[in-house]
*Asks:* 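This is the structure, below, for whatever I ask next.
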Amino acid sequence: MANFVAEPSAPTVSVDAQLLGQHYRVSCRPEEQALLGEAVALLQRRLAQASEQAARSVSKERLTLMVAMNLAADLLRAEEARAQQSATLDAIAARLQALVDMGKGEE
């Protein structure tokens, strides 16, 4: 999992982000620059969508919190789906191994 808080001694690059009219500069390791850029773009899209759907009186902080909770829920759903897929693959692998073992016994 990416961690965009770079260690003090590690080389870093900066990524600029414009979110809800605010400018941010975030440092990360060079190998995570593309991922951070994609994360910023996703957050920009989600914030724009939420802003369009929200009442005008919703604060930027509340809007950001709502988007963060939705992204966290998306992450949890993806992790659950991955766990289910992994369990399915493990079951298939076990079945294939059982078939291989049965085949070896017939030789």
*Asks:* For a quick test of reading the model, state the closest non-hydrogen atom pair linking Lys60 to Leu20 and the distance between them.
*Replies:*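 Looks like NZ-O, 3.0 Å.
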*Asks:* side-chain contact (heavy atoms from CB on, under 4.5 Å) for Lys104 and Val100? Distances and angles first, verdict last.
*Replies:* CA-CA 6 Å; Lys104 287 181 180 178; Val100 167; 3.8 Å; yes
*Asks:* Is it possible for you to say whether Leu75 and Met66 belong to one hydrophobic cluster, with membership spreading through side-chain heavy-atom contacts below 4.5 Å?
*Replies:* no
*Asks:* Can you get from Leu63 to Leu43 by hopping between Ile, Leu, Val, Met, Phe, Trp and Tyr side chains that sit under 4.5 Å apart?
*Replies:* yes
*Asks:* For Glu80, what residues pass the salt bridge (charged side-chain N to carboxylate O under 4.0 Å, His left out) criterion, not counting sequence neighbours?
*Replies:* none
*Asks:* By salt bridge (charged side-chain N to carboxylate O under 4.0 Å, His left out), which residues pair with Arg77, not counting sequence neighbours?
*Replies:* Asp74
*Asks:* Which pair of non-hydrogen atoms, one from Pro30 and one from Thr12, has the smallest distance, and what is that distance?
*Replies:*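 Minimum heavy-atom separation between Pro30 and Thr12: CD-CA, 4.4 Å.
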*Asks:* With Arg82, which residues qualify under salt bridge (charged side-chain N to carboxylate O under 4.0 Å, His left out), at least two apart?
*Replies:* none
*Asks:* Determine the minimum heavy-atom distance between Leu19 and Val40, stating which atoms define it.
*Replies:*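 So the minimum-distance heavy-atom pair works out to CD2-O, 4.3 Å.
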*Asks:* Would you give the length of the straight line joining atom CD of Gln97 to atom CG of Asp101, rounded to the nearest 0.5 angstrom?
*Replies:*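 So the gap between those two atoms works out to 4.5 Å.
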*Asks:* If Ile, Leu, Val, Met, Phe, Trp and Tyr residues are connected whenever their side-chain heavy atoms lie under 4.5 Å apart, and connections chain through other members, are Val13 and Leu35 in the same group?
*Replies:* no
*Asks:* What closest approach, in Å, do Gln18 and Gln44 show between heavy atoms, and which atom pair accounts for it?
*Replies:* O-NE2, 3.0 Å
*Asks:* Using a side-chain heavy atom cutoff under 4.5 Å and only I, L, V, M, F, W and Y, what cluster partners does Leu65 have?
*Replies:* Met69
*Asks:* With sequence neighbours left out, what residues match Thr88 under side-chain contact (heavy atoms from CB on, under 4.5 Å)?
*Replies:*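 Ile92.
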*Asks:* To the nearest 0.5 angstrom, please state how far the CD atom of Glu31 sits from the CD atom of Gln33.
*Replies:*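 Interatomic distance, Glu31 CD to Gln33 CD, rounded to 0.5 Å: 10.5 Å.
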*Asks:* Out of curiosity, does Leu36 fall in the hydrophobic cluster containing Tyr24 (side-chain heavy atoms, cut-off under 4.5 Å, transitive links)?
*Replies:*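 Looking at the clustering, Leu36 is in a separate group from Tyr24.
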*Asks:* Under a single-linkage definition using a 4.5 Å side-chain heavy-atom cutoff for Ile, Leu, Val, Met, Phe, Trp and Tyr, are Leu71 and Val26 assigned to the same hydrophobic cluster?
*Replies:* no
*Asks:* Taking only residues two or more places apart in sequence, or in another chain, which ones meet Asp16 in a salt bridge (charged side-chain N to carboxylate O under 4.0 Å, His left out)?
*Replies:* Arg25
